[in-house]
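Here's the structure we're looking at; comments come further down.
Within every chain, numbering begins at 1; the chains are lettered A, B, ... in the order of the sequence lines, protein sequences first and strands thereafter.
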2 protein chains.
Amino acid sequence: MFLGGYANSMDEKGRVNIPADYRDVLRNQHGDCRLIITRDLLDDCLRAYPVARWRDWLAKLEKLPASNRTARRIYRRVVSSAVVLEPDKQGRVLIPASLRQAAQLRKAVHFAGANQTFEIWDSKLWQQETELVDAEDFDPAMLDEFGL
Amino acid sequence: MFLGGYANSMDEKGRVNIPADYRDVLRNQHGDCRLIITRDLLDDCLRAYPVARWRDWLAKLEKLPASNRTARRIYRRVVSSAVVLEPDKQGRVLIPASLRQAAQLRKAVHFAGANQTFEIWDSKLWQQETELVDAEDFDPAMLDEFGL
DNA sequence: AGATATCACCCCACTTTTACCCACTACGAT
DNA sequence: ATCGTAGTGGGTAAAAGTGGGGTGATATCT
């Protein structure tokens, strides 16, 4: 599964190296190096799914009621930004310009493992996100509520 | 399946290039590059179906009770605007003027993958539709409701 | 009916983008 | 030191996307 964080850099063409550890996971545990990358539903980052995981996620999205406008928007945000990518011989993928823009990716990007999937952040945004967590000192009531 | 978003431009004759990825899907997964394009039922955009998918959709529409006025209107909106199109050697289709008008298509158009089908939007309308989503930060109650 | 306009279709030419290949650096292990 | 692997930069051929004719069919007007 996808663990740990990696700081890689994206070149001017929009190519980034997928961390070798993640590629190993894809090759060994999924037997398929292809990735589906989309905008995350909730945060300003991209989320990468192995093919099987993407199928699961898509199945959920397909259940959204088309009659509901917000549901259609949720569906669109995710599906209409998704791309299938396969690392090249160097282990890199080309992130389409639209996705780069959506996640505000610049040169420095950060990979964050999320078990079944992983996230791709602009380093600056990632930093802000994690700084906030450190500063905030989790609300004990919430921790109890979630049994942590 | 149809994924991802593409920004293409329509020329003065009303021709637009179908994204190469979508044409690949049609050729490889359906063995038939023909598309049925109609007005979308719910939004101000066009929706394109591979032949088999159109058959499914049409079968549903045929089940509408003709006794119901709204049902007849729904049927007309979709069926009476449908055209069968096949990309030319350059990969383009000619969108009939009536459909262009219905979806307010101008020069800049946006293709949005929707898994089994794909949507064709005027860029401006698409932008409005998606910008709203970013600002709105989906209602958490709804996300819980749908199990996302 | 004949002349004229309009539209869809096909072909060609150009620009931009992408895919693919090769080369280099940094670092760790042997 | 040397080898192997991860990560980075760049160049080049192919493909995608775009604009603009020409032609033949059909429609319109006189």
Side-chain angles (χ1 to χ4, degrees), chain A residues 2-28 33-37 48 81-102 105-113 118 120-123 126, chain B residues 2-28 33-37 46 48 81-101 105-113 118 120-123 126:
Chain A
F2 303 108
L3 298 176
Y6 300 86
N8 285 352
S9 71
M10 187 171 68
D11 66 22
E12 288 149 11
K13 297 180 180 177
R15 296 177 298 184
V16 272
N17 205 306
I18 303 292
D21 286 359
Y22 293 176
R23 294 202 307 270
D24 288 344
V25 171
L26 289 169
R27 208 164 345 96
N28 301 331
C33 279
R34 280 178 303 170
L35 283 170
I36 289 84
I37 301 186
S81 66
V83 285
V84 184
L85 297 175
E86 184 157 16
D88 64 16
K89 207 189 288 181
Q90 282 74 25
R92 289 182 289 193
V93 294
L94 176 79
I95 311 276
S98 54
L99 282 179
R100 268 177 267 160
Q101 201 182 346
L105 300 185
R106 306 215 220 143
K107 186 167 171 54
V109 302
H110 187 97
F111 290 80
F118 62 88
I120 307 175
W121 290 78
D122 180 79
S123 285
W126 172 258
Chain B
F2 303 107
L3 298 177
Y6 301 86
N8 285 352
S9 71
M10 188 171 68
D11 65 20
E12 288 148 12
K13 299 177 182 178
R15 297 177 298 182
V16 271
N17 206 306
I18 303 292
D21 285 0
Y22 293 177
R23 295 202 306 271
D24 288 345
V25 171
L26 289 169
R27 207 163 348 94
N28 301 332
C33 280
R34 282 178 301 169
L35 283 170
I36 288 84
I37 301 186
L46 306 180
S81 66
V83 287
V84 184
L85 298 174
E86 184 156 15
D88 64 17
K89 205 190 290 183
Q90 281 76 23
R92 288 183 288 197
V93 294
L94 177 77
I95 311 275
S98 56
L99 282 179
R100 266 178 268 162
Q101 200 180 349
L105 300 185
R106 306 216 220 142
K107 185 168 171 55
V109 302
H110 188 97
F111 289 81
F118 62 89
I120 307 175
W121 290 76
D122 179 79
S123 284
W126 172 259

Which residues share a salt bridge (charged side-chain N to carboxylate O under 4.0 Å, His left out) with B:Arg34, sequence neighbours left out: B:Asp32

What's touching nucleotides 13-22 of chain C from the protein side, N or O pairs under 3.5 Å?
| unit_1 | atom_1 | unit_2 | atom_2 | d |
| --- | --- | --- | --- | --- |
| C:dC20 | N4 | A:Arg15 | NH1 | 3.4 |
| C:dC22 | N4 | A:Gln90 | NE2 | 2.7 |

Span of DNA chain D in contact with chain A (heavy atoms, under 4.0 Å): D:dA6 to D:dG11

Holding to salt bridge (charged side-chain N to carboxylate O under 4.0 Å, His left out), I want the full list of residues that pass it with B:Arg27, two or more places apart in sequence or in another chain. B:Asp24

How large an angle, rounded to 10°, do the end axes of the helix from C:dA1-D:dT30 to C:dT30-D:dA1 enclose when each is built from five base pairs? 10°

Could you tell me which residues satisfy side-chain contact (heavy atoms from CB on, under 4.5 Å) with B:Ala82, sequence neighbours excluded, listed by chain and number? B:Ile36, B:Thr38, B:Trp54

Of all residues at least two apart in sequence or in a different chain, which pass the ring pair (Phe, Tyr, Trp, His ring centres under 6.0 Å) check with A:Phe2? A:Tyr22, A:Phe118

When rounded to whole Å, the CG to C1' distance for the pair B:Asp11 and C:dC7 reads 13 Å

With A:Trp121 via ring pair (Phe, Tyr, Trp, His ring centres under 6.0 Å) - residues at least two apart: A:Trp126

So B:Ile18, base contact, sugar-phosphate only, or nothing? Heavy-atom distance under 4.0 Å. sugar-phosphate

Pairs satisfying side-chain hydrogen bond (donor to acceptor under 3.5 Å, both in side chains), at least one member in residues 84-97 of chain A, at least two apart: none

B:Ser98: side-chain contact (heavy atoms from CB on, under 4.5 Å) partners, not counting sequence neighbours: B:Pro96

Could you go through residues 3-11 of chain B and list every donor-acceptor pair under 3.5 Å that involves a side-chain atom there, pairing it with any protein atom two or more places apart or in another chain?
| unit_1 | atom_1 | unit_2 | atom_2 | d |
| --- | --- | --- | --- | --- |
| B:Tyr6 | OH | B:Asp21 | OD2 | 2.5 |
| B:Asn8 | ND2 | B:Asn17 | O | 2.8 |
| B:Asp11 | OD1 | B:Lys13 | N | 2.9 |
| B:Asp11 | OD1 | B:Gly14 | N | 3.1 |
| B:Asp11 | OD1 | B:Arg15 | N | 3.0 |
| B:Asp11 | OD2 | B:Arg15 | NE | 2.7 |
| B:Asp11 | OD2 | B:Arg15 | NH2 | 2.8 |

